[in-house]
Amino acid sequence: MTTRYRVYYENAVGRAVDDPLGFARLTYQPGTRDAEAMAALLGHVTRLLAKRGDGCLLVDQRLMSPFTPTEQIFVIQQWLPRAVAEGSYRFGAVVLAENAFARLATRSVTTAVRDMPMLYQYFEQEVDAVAWLLQQKQQAQLGRTK
C-alpha cells in the first residue's frame, strides 16, 4: 500500500508535503541547490508548519548532498529561528543522508541551534522517524489537555 501525499510545494531543491499521517514532511532532492530555490522551499515549509500548528516535521535527507557553509549559515541564522517563531517548529525527525559529509553538515547545524526550543532526533529508517514524530505529537497534545 502506498501513502498518498498532499504536496504543498515543490521545486528542484525538494518537496514540502502535508503528510496524511499527521505531520509536515520535507524531502531534499540530490544535487547542488540554488540559494533562492532553497530559501523558497524552506519558506514554504515554515508556512506549512504554521498551517498545521503541531510543530512536527519529518526531514528526509537520504538523497541530500552536503549543505554548503553558506547554506548552513542560512539555516542556522535565518530559517530555523523563523521556523520556530512563525511556524511553531518544535520536533524534527531527520532521516539521515546516505552521504557521510551530508550527515556531518546536518549535525553541525543541529548542534549550533541546540539552545532553540526544539528537539531533533536522527534515524536511519523512515518508519522509526515517523513513529518517534507521532509519539512527540501525541505527548505534546496530552500536555496541552492537562
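The backbone N or O of Thr27 sits nowhere less than 3.5 Å from a side-chain atom of Arg62 that would complete a donor-acceptor pair. A donor-acceptor contact shorter than 3.5 Å links the side chain of Gln72 to the backbone of Ala105. Asn11 contributes a side-chain N or O that, together with a main-chain N or O of Ala37, makes up a donor-acceptor pair within less than 3.5 Å. A distance-only check finds a donor-acceptor pair linking the side chain of Ser65 to the backbone of Gly31 [under 3.5 Å]. Thr111 contributes no side-chain N or O that, together with a main-chain N or O of Ser108, makes up a donor-acceptor pair within less than 3.5 Å.
Considering only heavy atoms from C-beta on, Glu124 comes within 4.5 Å of Leu96 through its side chain. Taking the side chain as every heavy atom from C-beta outward, Arg107 and Arg103 never approach each other to under 4.5 Å. Side-chain atoms of Leu26 and Leu48, non-hydrogen and from C-beta on, never get closer than 4.5 Å to each other. Side-chain atoms of Thr110 and Gln121, non-hydrogen and from C-beta on, never get closer than 4.5 Å to each other. Considering only heavy atoms from C-beta on, Asp18 comes within 4.5 Å of Lys51 through its side chain. Between Arg33 and Leu41, the closest side-chain pair of non-hydrogen atoms is not below 4.5 Å. Contact check for Val130 versus Phe23: side-chain heavy atoms found under the 4.5 Å cut-off. Within the 4.5 Å cutoff, no side-chain heavy atoms of Val59 are placed close to those of Thr106.
Across Arg6 and Pro20, no two heavy atoms sit closer than the pair NH2-CA, 3.6 Å. Nearest heavy-atom pair, Tyr89 versus Gly55, reported as atom, atom and distance to 0.1 Å: CD1-O, 3.6 Å. Listed here is the closest heavy atom pair of Arg82 and Thr46: O-CG2, 3.9 Å. Closest of all the heavy-atom pairs between Arg15 and Val7 is CD-CG2, 3.8 Å.
Other members of the cluster containing Phe101 are Leu104, with ILVMFWY side chains joined at under 4.5 Å, either directly or via other members.
In this structure, the separation between CG on Asp19 and CG on Leu134 is 8.5 Å, given to the nearest 0.5 Å. Atom CD of Gln29 sits about 7.0 Å away from atom CG of Leu63, to the nearest 0.5 Å. Remark: Phe123 CZ to Asp60 CG distance equals 13.0 Å, nearest 0.5 Å. Atom CG in Asp54 sits 7.5 Å away from atom CG in Leu49 (nearest 0.5 Å). Of the inter-residue distances, the one linking Thr32 atom OG1 with Met38 atom CE reads 12.0 Å to the nearest 0.5 angstrom.
Put simply, Leu58 and Val94 are part of two different groups of oily side chains (I, L, V, M, F, W, Y) that touch within less than 4.5 Å, one to the next. Under the 4.5 Å side-chain contact rule for hydrophobic residues, Val84 and Tyr120 share a cluster. Val17 and Tyr9 fall into different hydrophobic clusters, defined by Ile, Leu, Val, Met, Phe, Trp and Tyr side-chain heavy atoms under 4.5 Å apart, directly or through other members. Under the 4.5 Å side-chain heavy-atom criterion for grouping Ile, Leu, Val, Met, Phe, Trp and Tyr, Phe91 is not connected to Leu42 through any hydrophobic cluster. In the hydrophobic clustering of ILVMFWY residues, with side-chain heavy atoms under 4.5 Å counting as a link, Met118 and Val95 come out apart.
Using bins of under 30°, 30° to 60° and over 60° for the plane-to-plane angle, the ring pair Tyr28/Phe67 lands in the perpendicular bin. Taking the six-membered ring where tryptophan is involved, the planes of Tyr8 and His44 are perpendicular, since the angle between them exceeds 60° and thus also 30°.
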- Query: Is there a side chain to side chain contact (heavy atoms under 4.5 Å, CB included) between Glu71 and Val109 once you walk through the steps?
  - Reply: CA-CA 10 Å; Glu71 289 171 338; Val109 168; over 6 Å; no
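Annotation for Gln78: atom CD counts as buried by contact number, over 12 foreign heavy atoms lying within 6.0 Å.
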